[in-house]
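Inspection log for the structure reproduced underneath, given as structure tokens.
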Amino acid sequence: MNTSDLIALAAVAIPTVGGLIAWLWRHSTRLTASEIRIEGLTANAEADRRRSDAVYQDIRATLVRIEEKLDRKADRP
């Protein structure tokens, strides 16, 4: 291989490798942004689940109190 062949090969290889590195960089930043967004959505979903569980427990406790009150009224002579 002579010098002109190496120069021609480098003229093709360097932009190709540079383009590949740029493409990989862009996609890695997109993936990072997506991972951050997914983590945020997961945290929000977990918080929503905890809130809905708390609300369910409150509603259940209220219904139990109502049921007990109705039972006491029904047991009166």
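All values below were derived from every heavy atom in this structure, side-chain atoms included, with hydrogens, water molecules and symmetry-related copies excluded.
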Starting at [atom1] of [X], measure out to [atom2] of [Y] and round the result to the nearest 0.5 Å.
X: Arg51; Y: Asn44; atom1: CZ; atom2: CG; value: 8.0 Å
X: Thr32; Y: His27; atom1: OG1; atom2: NE2; value: 12.5 Å
X: Leu9; Y: Ser4; atom1: CG; atom2: OG; value: 11.5 Å
X: Ile36; Y: Glu39; atom1: CD1; atom2: CD; value: 7.0 Å

Worksheet item: With sequence neighbours left out, what residues match Asp5 under side chain to side chain donor-acceptor pair (under 3.5 Å)?
Response: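 Per chain and number, Asp5 pairs via side chain to side chain donor-acceptor pair (under 3.5 Å) with no residue.
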Discussion item. Using the rule that Ile, Leu, Val, Met, Phe, Trp and Tyr join whenever any side-chain heavy atoms are under 4.5 Å apart, tell me whether Val55 and Val64 fall into a single cluster.
Written reply: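 No, separate clusters.
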Practice prompt. List the atom of Ala10, the atom of Pro15, and the distance in Å for their closest heavy-atom pair.
Written response: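 Of all heavy-atom pairs spanning Ala10 and Pro15, the closest is O-CD, 3.9 Å.
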Worksheet item: How far apart are the C-alpha atoms of Leu63 and Arg60, what are their side-chain angles, what is the distance that settles it, and do they pass the side chain to side chain contact (heavy atoms under 4.5 Å, CB included) test?
Response: CA-CA 5 Å; Leu63 290 174; Arg60 185 166 169 77; 5.8 Å; no
Worksheet item: Are any of the side-chain nitrogens in Asp75 or Arg72 under 4.0 Å away from the carboxylate oxygens of its partner?
Response: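 Looking at Arg72 together with Asp75, the answer is no, because their closest N to O distance does not fall below 4.0 Å.
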Worksheet item: Who are the salt bridge (Lys or Arg N to Asp or Glu O under 4.0 Å) partners of Arg49, not counting sequence neighbours?
Response: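 Partners of Arg49 under the salt bridge (Lys or Arg N to Asp or Glu O under 4.0 Å) test: Glu46, Asp53.
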Discussion item. So, using ring pair (Phe, Tyr, Trp, His ring centres under 6.0 Å) as the criterion, who are the partners of Trp25 when residues are at least two apart?
Written reply: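 Expected list: none.
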Discussion item. The test is side chain to side chain contact (heavy atoms under 4.5 Å, CB included); show your working for Asn2 and Leu6 and say whether it passes.
Written reply: CA-CA 7 Å; Asn2 57 24; Leu6 288 176; over 6 Å; no
Practice prompt. Flag the pair Thr62 / Arg65 as yes when at least one side-chain heavy-atom distance between them is below 4.5 Å, and no otherwise.
Written response: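 A side-chain contact under 4.5 Å exists here.
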